[in-house]
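Numbering starts at 1 and runs along the sequence shown. This structure is a prediction, so every number in the text was calculated from the model and none was measured.
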Amino acid sequence: MSSCTWPKVLLFGDSLTQYSFSADGCWGSLLANFLQRKCDVINRGFSGYNTRWCNKMIPSILSEFDAKNISMVTVFLGANDSNLPTNKQQHVPLEEFKQNLLEIVEKIQSHGVPREKVVIIGPPASNISAWEKDCQINGRECTKSNTETAKYAKACVEAAKESGCCSVDMYTEMVKEKDWENMLNDGLHLSSRGCEYLFDLLKPVVTKITAELPMLYPDWKQVDTNNPELPFNGK
């Protein structure tokens with residue numbers, strides 16, 4: 001082959017996506033490692049954003065990519081939308097949140113990406129006491145409630161079912177685990193343990209979606225040492 005266009009996995013969301021290649025928030029790195037030699041994993045995460053804003057910006061994000069090269073899209077939102085109404089800048093009412101998710105998936109599908117290649121990830125639970133301390137240190141009011149977040153997590157599952165895409169319900173799964181609070185590093189954002197847990201939830205979904213993708217370029221043991229250019233120039 002004279003050139004090779006690598007398939008893309010697009011990660012779209014808020015800070016939980018923006019930080020997904022960091023030392024702690026490493027679920028994007030784990031995903032890239034899992035898909036090495038198969039896909040480029042692209043981070044388009046925006047700290048503090050909610051579905052209202054992301055619904056407006058998704059066409060611009062998608063315009064960067066040729067749909068035929070997109071193998072999967074994750075939509076990881078809700079951590080900001082589910083803030084209590086006193087947080088007027090970030091809070092999005094539950095019904096609007098769900099409708100925004102449906103519209104985001106529809107816009108991705110309209111761009112040419114099949115619905116079955118879209119994965120909605122629901123927001124995780126929060127360690128409220130730890131997040132309250134972080135908010136105090138940074139001069140903010142704590143407006144998180146797991147009672148509310150649980151409703152938004154459920155809406156993610158419902159939106160995925162209604163739109164015909166996949167879902168990962170992190171909230172419901174993580175709170176079943178002992179000491180689940182350790183999955184968060186500041187009460188809100190994922191720790192390395194939390195990212196490993198999320199990756200374990202994502203892995204079977206990703207495996208199914210990317211099952212037919214080949215490893216790009218031959219294994220080194222298959223290269224002809226007498227004619228090493230043969231597998232690379234397409235002749």
Side-chain angles (χ1 to χ4, degrees), residues 1 3-47 49 51 54-55 57-79 100-124 156-157 159-161 163-170 173 189-190 192 194-217 219:
M1 61 182 71
S3 64
C4 179
T5 300
W6 289 64
K8 307 291 190 295
V9 170
L10 175 62
L11 311 182
F12 181 61
D14 52 34
S15 59
L16 295 171
T17 295
Q18 180 176 320
Y19 303 155
S20 66
F21 284 85
S22 66
D24 285 334
C26 57
W27 66 272
S29 300
L30 294 170
L31 185 59
N33 181 63
F34 181 66
L35 294 171
Q36 59 179 275
R37 292 278 294 274
K38 290 187 174 183
C39 293
D40 286 334
V41 179
I42 309 297
N43 184 329
R44 292 293 181 270
F46 302 88
S47 178
Y49 279 45
T51 56
C54 286
N55 190 18
M57 70 189 297
I58 187 63
S60 177
I61 298 297
L62 292 170
S63 68
E64 300 178 48
F65 306 98
D66 188 331
K68 71 175 183 295
N69 295 327
I70 299 179
S71 294
M72 188 178 78
V73 180
T74 61
V75 179
F76 193 2
L77 292 163
N100 287 338
L101 286 177
L102 292 171
E103 291 180 11
I104 288 170
V105 174
E106 181 62 30
K107 289 172 182 176
I108 295 171
Q109 190 272 333
S110 296
H111 185 69
V113 181
R115 299 172 189 272
E116 59 269 19
K117 292 186 177 182
V118 180
V119 184
I120 294 178
I121 306 173
C156 287
V157 175
K161 185 175 181 180
S163 62
C165 65
C166 305
S167 67
V168 170
D169 185 358
M170 188 172 186
E173 296 304 319
H189 300 100
L190 298 177
S192 57
C195 287
E196 289 169 1
Y197 190 79
L198 173 56
F199 174 70
D200 286 341
L201 295 176
L202 272 170
K203 189 174 179 180
V205 179
V206 174
T207 298
K208 182 178 180 180
I209 293 174
T210 63
E212 297 182 0
L213 293 177
M215 184 174 74
L216 295 173
Y217 292 99
D219 185 275

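Between the His111 side chain and the Ile58 main chain, no donor and acceptor come within less than 3.5 Å of each other. Between the side chain of Asn43 and the backbone N or O of Gln18 there is at least one donor-acceptor pair closer than 3.5 Å. Remark: side-chain polar atoms of Ser63 are paired, donor with acceptor, to backbone N or O of Ser60 under 3.5 angstrom.
Heavy atoms only, all atoms of each residue included: Ser22 and Gly25 are closest at OG-N, 2.9 Å. The two residues Cys165 and Val105 have their closest heavy-atom pair at SG-CG2, 4.2 Å. Across every non-hydrogen atom of Leu201 and Val168, the tightest pair is CB-CG1, 3.7 Å. The shortest heavy-atom contact between Ser20 and Leu11 is OG-CD1, 3.8 Å. Considering all non-hydrogen atoms of both residues, Cys195 and Asp24 come closest at SG-O, 3.3 Å.
Partner of Ile61 under the side-chain contact (heavy atoms from CB on, under 4.5 Å) criterion, chosen from Val73, Leu10, Ile108: Leu10. Checking each of Phe199, Phe21, Phe76 against Trp27 for a ring-ring contact (aromatic ring centres under 6.0 Å, His included) leaves exactly one that passes, namely Phe76.
Considering CG of Leu30 and CD of Glu196, their distance stands at 6.5 Å, rounded to 0.5 Å.
Crowding of Tyr197 atom OH: a count of heavy atoms from other residues, nucleotides or ligands under 6.0 Å exceeding 12.
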Which donor-acceptor pairs under 3.5 Å do side chains of residues 31-39 form with protein atoms, sequence neighbours excluded?
residue : atom : partner : partner atom : Å
Asn33   : OD1  : Gln36   : NE2          : 2.8
Gln36   : NE2  : Asn33   : O            : 3.0
Arg37   : NE   : Leu216  : O            : 2.9
Arg37   : NH2  : Leu216  : O            : 3.3
Arg37   : NH2  : Tyr217  : O            : 3.0
Arg37   : NH2  : Pro218  : O            : 3.2

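Proximity of Ile70 to Lys117: side-chain heavy atoms (C-beta onward) are nowhere separated by under 4.5 Å.
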